[in-house]
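Comments concern the structure below.
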Amino acid sequence: MKGNTLTSEKLSVVVRVDVDGEQIQIAATGRVTLTSLQGLYPVVQRTKSLGSGLDVRMDLSEATVDADALDELQLYAGLCEIPVLLSPEKSNVTALPSRTPRLTTAAA
């Protein structure tokens with residue numbers, strides 16, 4: 001994403017359509033929390049409905065993901081069959097005191 005790449009508490013989402021029309025990417029920056037997921041889910045559903053069977057993926061590699069949000073996101077992505085890309089080199093999953101963070105490159 002263009003512009004400032006500093007992590008923000010606010011979640012920002014951009015939907016990109018591949019010029020070949022084969023893939024749609026939902027790219028997010030900022031912080032993914034349990035609360036912000038409630039705003040992300042409708043974007044995913046609308047994108048899937050517009051895609052008419054196109055490959056839809058979520059790119060969260062530039063976002064900070066709370067561990068609790070990751071757990072819920074993995075369940076949702078598995079149900080909706082949407083791959084989720086996280087950043088393995090940046091380890092963008094934040095640890096909460098009572099939970100151990102997990103990192104995945106795609107939700108299963």
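Keep in mind that what you see is a predicted model, and the values were worked out from it rather than measured.
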Take Y76 and V44 through the side chain to side chain contact (heavy atoms under 4.5 Å, CB included) test and state the conclusion after the steps.
-> CA-CA 10 Å; Y76 177 80; V44 172; 3.7 Å; yes

Looking only at heavy atoms, which two atoms of [X] and [Y] are closest? And how far apart?
| X | Y | value |
| --- | --- | --- |
| A77 | V84 | CB-CG2, 3.6 Å |
| A28 | A63 | O-CB, 3.6 Å |
| A69 | V32 | CB-O, 3.6 Å |
| L34 | D68 | CD2-O, 3.7 Å |

How long is the straight-line distance from [atom2] of [Y] back to [atom1] of [X], given to the nearest 0.5 Å?
| X | Y | atom1 | atom2 | result |
| --- | --- | --- | --- | --- |
| T47 | I24 | OG1 | CD1 | 6.5 Å |
| T35 | L11 | OG1 | CG | 11.0 Å |
| D66 | R31 | CG | CZ | 4.0 Å |

So, the side chain of K48 versus the backbone of C80: is there a donor-acceptor pair under 3.5 Å, distance only?
-> yes

Of all residues at least two apart in sequence or in a different chain, which pass the salt bridge (Lys or Arg N to Asp or Glu O under 4.0 Å) check with D18?
->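 Not a single residue meets the salt bridge (Lys or Arg N to Asp or Glu O under 4.0 Å) criterion with D18.
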
In this structure, are over 12 heavy atoms from other groups packed under 6.0 Å from E81 atom CD?
-> no

Is there a path from L54 to L50 through hydrophobic residues (I, L, V, M, F, W, Y) whose side chains come within less than 4.5 Å of each other?
->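 The answer is no; the residues belong to distinct hydrophobic clusters.
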
In terms of side-chain geometry, is the basic nitrogen of D59 or R57 positioned less than 4.0 Å from the acidic oxygen of its partner?
-> no

Qualifying residue, where the test is side chain to side chain contact (heavy atoms under 4.5 Å, CB included) with M58 and the options are L40, V13, L85 | L40

Determine, step by step, whether L70 and L86 satisfy the side chain to side chain contact (heavy atoms under 4.5 Å, CB included) criterion, reporting the C-alpha distance in whole Å, the side-chain angles of both residues, the deciding distance to 0.1 Å, and the verdict.
-> CA-CA 10 Å; L70 179 62; L86 299 174; 3.7 Å; yes

